[in-house]
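Comments concern the structure below.
Residue numbers start at 1 and run along the sequence shown. Both counts, for ligands and for their atoms, begin at 1 and track the order of listing.
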Amino acid sequence: MHGPGDVRVEEREEPRIVEPTDAVIRVSAACVCGSDLWPYRGIGTEDSAWPAPMGHEYAGIVEEVGDEVETIKPGQFVIGSFWASDNTCEICRAGYQSACVDRVPMGALGAQADLLRVPLADGTLVATPDIPADDLVPSLVSASDVLGTGWFGAVAAEAGPGKTVAVVGDGAVGLLAVLAARELGAERIIAMSRHDSRQRLAREYGATDIVQERGDAGVAAIKELTNGLGAHSVVEAVGTQESMMQAIGATRPGGHVGFVGVAHDVAVPGMDLFWSLVHLHGGPAPVRRFLPELIDLIWNRQINPGKVFDLELPLEEAAAGYRAMDQREAIKVLLRP
Ligand SMILES: [Zn+2]
């Protein structure tokens with residue numbers, strides 16, 4: 001990205017092994033993330049250095065590994081998260097690899113590329129049982145971020161059997177939080193969306209109810225569906241003031257909010273929080289925690305998260321992919337190098 005709205009595909013220096021714990025992978029699929037749209041729209045870019053490599057979602061085949069890499073081998077098909085992590089520190093072992101003491105942001109390395117250096121390869125990457133069939137690749141790359149993030153949102157909101165789960169946000173993460181809630185056994189899943197095609201996919205992923213209203217009206221609609229109580233679990237997958245307050249307001253006392261939308265200029269008023277009696281848990285998803293389980297579900301074709309990709313483009317046309325997501329003409333864009 002050469003600046004807001006200016007995405008170009010150009011030659012850069014070829015990634016190579018820098019640290020002995022690195023791997024270099026040949027990217028089979030990458031994608032454009034909702035969070036890539038913030039700099040694209042010029043939000044929070046005051047301190048950005050242009051041009052910046054882009055992309056933090058990736059799956060591909062290992063080309064080369066450093067001398068200290070033990071478990072990851074050339075030729076394996078691998079998926080990693082948007083944070084490289086050692087997976088051995090105390091924070092990682094507690095399941096919070098996105099806050100690993102050694103973490104490295106993959107976005108700074110640029111996964112929207114044909115080759116990618118992955119630091120801390122043993123901790124970061126998870127290999128599939130074999131080279132996947134091509135039709136599994138979109139679902140596998142979704143595990144790198146959107147599926148892993150939606151899953152964490154549902155886990156953080158404590159979605160599970162007997163629970164009513166509401167999901168704020170009908171982007172790829174929100175839709176996959178619906179899928180996660182279903183897989184986690186939720187009894188009732190309320191998707192908040194005003195778009196036909198997104199409502200359809202939400203229903204396919206397990207939504208039992210759709211609420212079109214937003215803000216206070218959205219909160220009132222959720223309460224109406226839950227005997228005036230609110231949902232047990234609410235996933236916030238947008239990251240605006242309105243969506244956060246909608247999530248807190250739609251949660252019953254004692255319930256849980258899992259917030260995974262990147263919060264831009266969100267300020268939660270203390271008194272609203274105080275009286276809500278809800279649990280708040282969220283942040284950048286520790287996707288690495290869930291990767292083995294998600295890869296298993298995809299490999300066995302139990303879930304099809306790749307359906308959130310409604311536009312697939314060759315990497316050379318990345319700029320068109322950004323445009324389509326910015327205009328909301330596409331839910332999620334898959335890029336094939
Ligand atoms: Zn760690």
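- Remark: S142 OG to W151 CH2 distance equals 11.0 Å, nearest 0.5 Å.
- Annotation for W275: hydrophobic cluster partners, listed by chain and number, are M271, F274 (ILVMFWY side-chain heavy atoms under 4.5 Å, direct or chained).
- Protein atoms that are N, O or S and lie under 2.8 Å from the Zn ion (ligand 1) are these: D86 OD1, C89 SG, C92 SG, C100 SG.
- Taking Ile, Leu, Val, Met, Phe, Trp and Tyr as members and joining any whose side-chain heavy atoms lie under 4.5 Å apart, directly or through other members, the hydrophobic cluster of W38 also contains I43.
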Inset, instruction - Kindly indicate, with the supporting measurements, whether the criterion salt bridge (Lys or Arg N to Asp or Glu O under 4.0 Å) is fulfilled by R198 and D196. - result: CA-CA 6 Å; R198 294 167 190 242; D196 275 352; over 6 Å; no
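- Proximity of K332 to V146: side-chain heavy atoms (C-beta onward) are separated by under 4.5 Å at one or more points.
- Contacts of D22 classified as salt bridge (Lys or Arg N to Asp or Glu O under 4.0 Å), with partners at least two apart in sequence or in another chain: R117.
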